[in-house]
Amino acid sequence: MKSFLHVHDIGDLRQALDEAKRVKATPFAWQELGKNKTVILIFFNSSLRTRLSSQKAALNLGMNAIVLNVNGDSWKLETEMGVVMDGDKPEHLREAIPVIGSYCDLIGVRSFAGLQDRDFDYNETILKQFIDYSGKPVISLESGTVHPCQAFADLLTIEEHKTVSRPKVVMTWAPHPRALPQAVPNSFAEWMNAADVDFVITHPEGYELDPGFVGKARVEYDQMKAFEGADFVYAKNWSSYVRYGEILSRDRNWTVGKRQMDVTNNAFFMHCLPVRRNMIVTDEVIDSPRSLVIPEAANRVVSAQVVMKRMLEDIQ
Ligand code: AN0
Ligand code: CP
């Protein structure tokens, strides 16, 4: 695997899930694989889970992990090509990336969508430069359009908790005070479309995602109707893709509460975290025994470890 952005990068999903279960059962069985190998994890944005779970995954594989917070610890990096660098950024990605590549074996990059320029974000302009100029395998740790480590962990969590062979999974938009990227819902949709689930997306008008990610998913604008009979409810806020980066609604009727959960098939509640309580989901639902947010976050170590393990196997 030269890069990890999309569901097709992981290949057969059944095999990937079986491998995830083996990794989860015996996390230290591949310590030799990572011996004397180094992963550098680059963060252009904040993180709790991705930073810690990626480091833990690397340690489980016997690897060294180095974390760099761009904008905090290093020189500020220019990301646009062809600009006169007379501003506040003393170094360009074009030099920084091959330098980083020369110090490590794998690279992980978190570079959120800026939500200013849809083409810049949806061309994965920053991650593509890491792929093109580092000479090393690159993992998206949430980049312009995708968050694949999250979606893989989400799929594993659904696999572990489902009680029917083809569960109904509903992804719902929920309100949030700030504009957020579409990466999490894009990846979740991409992975659910590839998995054996009945997948429904619900959101207010204007929050349609990129059709390339929506694919064959059913879109239902009536949230209560969408929730009927659901086995899993996956809540997330995102800003508009069509009116790029805009907040079109703050309607708290969309906050996931008991009213909506009551029409489901006693659904499990999921969210990638961080979550704003009583905006995205009520305390009652997130604190209920049906909430999977903590085991879901714990599975981030497993998904990251499978991806790093496969990359290490390729470069042995
Ligand atoms: C980010 C987002 O929505 O993309 C990260 C989620 C994993 N969330 C926030 O910035 C709150
Ligand atoms: N879910 C997730 O990626 O969380 P962080 O932003 O804390 O890494």
Side-chain angles (χ1 to χ4, degrees), residues 4-5 39 41-58 65 67-72 108-116 118 120-122 124 126-127 139-158 171-191 201 203 207 209-210 213 234-241 244-250 254-256 269-281 286 291-305 307-308:
F4 183 57
L5 282 92
V39 59
L41 304 166
I42 310 281
F43 285 87
F44 287 86
N45 316 94
S46 305
S47 166
L48 186 148
R49 279 144 293 274
T50 304
R51 177 188 308 258
L52 298 178
S53 62
S54 304
Q55 288 186 74
K56 179 69 169 94
V67 178
L68 180 70
N69 302 311
V70 177
N71 302 329
V109 183
R110 166 158 286 196
S111 56
F112 284 175
L115 298 176
Q116 302 298 318
R118 191 165 91 176
F120 184 89
D121 294 341
Y122 272 70
E124 287 285 359
I126 295 180
L127 206 79
I139 304 168
S140 166
L141 303 175
E142 187 175 333
S143 50
T145 59
V146 288
H147 195 0
C149 297
Q150 181 66 50
F152 186 11
D154 296 334
L155 175 62
L156 175 61
T157 310
I158 290 170
M171 177 168 80
T172 182
W173 178 92
H176 190 276
R178 295 176 55 189
L180 296 184
Q182 296 105 32
V184 170
N186 283 347
S187 279
F188 190 71
E190 187 187 60
W191 286 66
I201 306 175
H203 54 71
Y207 279 99
L209 292 164
D210 176 355
F213 287 103
Y234 190 91
K236 183 72 185 85
N237 171 266
W238 62 88
S239 60
S240 176
Y241 170 76
Y244 194 63
E246 287 185 37
I247 296 177
L248 308 178
S249 168
R250 289 189 171 85
W254 283 78
T255 302
V256 177
F269 175 81
M270 298 178 70
H271 188 278
C272 64
L273 306 182
V275 71
R276 289 186 186 240
R277 284 169 171 254
N278 304 311
M279 284 294 303
I280 301 283
V281 57
I286 196 171
S291 172
L292 293 179
V293 296
I294 306 303
E296 184 182 353
N299 276 338
R300 291 292 307 278
V301 176
V302 185
S303 62
Q305 193 172 337
V307 171
M308 289 180 190

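Both counts, for ligands and for their atoms, begin at 1 and track the order of listing. Just so you know, these numbers come straight off a predicted model, no measurement behind them.
- For Glu142, every heavy-atom contact with ligand 1 shorter than 4.0 Å involves the side chain, none the backbone.
- Glu296 and Thr157 are not linked by any side-chain donor-acceptor pair at a separation below 3.5 angstrom, with hydrogens and angles left out of the test.
- Put simply, the side chain of Ser140 never gets that close to the backbone of Phe4: no donor and acceptor are under 3.5 Å apart.
- When heavy-atom distances to ligand 1 are checked against a 4.0 Å cut-off, Arg178 has no atom that comes that close, whether in backbone or side chain.
- Only the side chain of Phe112 comes within 4.0 Å of ligand 1, counting heavy atoms alone; its backbone N, CA, C and O stay farther away.
- Within the 4.0 Å heavy-atom criterion, neither part of Glu142 lies near ligand 2.
- Considering backbone and side-chain N/O of Leu273, one or more are found under 3.5 Å from N/O of ligand 2.
- In this structure, the side chain of Ser187 engages the main chain of His147 through a donor-acceptor pair within 3.5 Å.
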Could you give me the CA-CA distance, side-chain angles and deciding distance for Leu273 and Arg49, then say whether side chain to side chain contact (heavy atoms under 4.5 Å, CB included) is met? CA-CA 8 Å; Leu273 306 182; Arg49 279 144 293 274; 3.5 Å; yes

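- For atom 6 (O) of ligand 2, the nearest protein heavy atom (residue, atom name, distance) is Arg110 NH1, 2.7 Å.
- For atom 8 (N) of ligand 1, the nearest non-hydrogen atom of the protein is Leu180 CD2, 4.1 Å.
- Taking every heavy atom of His147 and a limit of under 4.0 angstrom, the matching atoms of ligand 2 come to 2 (C), 3 (O).
- In this structure, the protein non-hydrogen atom closest to atom 2 (C) of ligand 2 is Arg300 NH1, 3.3 Å.
- Within the 4.0 Å heavy-atom cutoff, Pro181 counts among the residues contacting ligand 1.
- The aromatic rings of His203 and Trp238 sit perpendicular to each other, their planes meeting at more than 60°, with 30° as the lower class boundary.
- The protein heavy atom nearest to atom 3 (O) of ligand 1 is Lys236 NZ, 2.7 Å.
- For Phe112 and Phe44, the distance between ring centers is not under 6.0 angstrom.
- Close N/O approach between Ser46 and ligand 2 is not found [any backbone or side-chain N/O within under 3.5 Å].
- A donor-acceptor pair under 3.5 Å is formed between the side chain of Asn237 and the backbone N or O of Ala174.
- Neither the backbone nor the side chain of Val184 comes within 4.0 Å of ligand 2, counting heavy atoms alone.
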Using the rule given for side chain to side chain contact (heavy atoms under 4.5 Å, CB included), can you reason through Leu127 versus Leu5, listing the C-alpha separation, both sets of side-chain angles and the distance that settles it, and then say yes or no? CA-CA 9 Å; Leu127 206 79; Leu5 282 92; 3.5 Å; yes

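- Checked options Tyr207, Tyr234, Phe188; the residue passing with Trp173 is Tyr207 (criterion: ring pair (Phe, Tyr, Trp, His ring centres under 6.0 Å)).
- Distances from ligand 1 to the non-hydrogen atoms of Arg276 include no value under 4.0 Å.
- Aromatic pair Tyr241/Tyr122: ring centres closer than 6.0 Å.
- Distance from atom 4 (O) of ligand 2 to its nearest protein heavy atom, with residue and atom name: Arg49 NE, 2.8 Å.
- The contact set between ligand 2 and Leu48, taken as ligand atoms under 4.0 Å from a residue heavy atom, comprises 5 (P), 7 (O), 8 (O).
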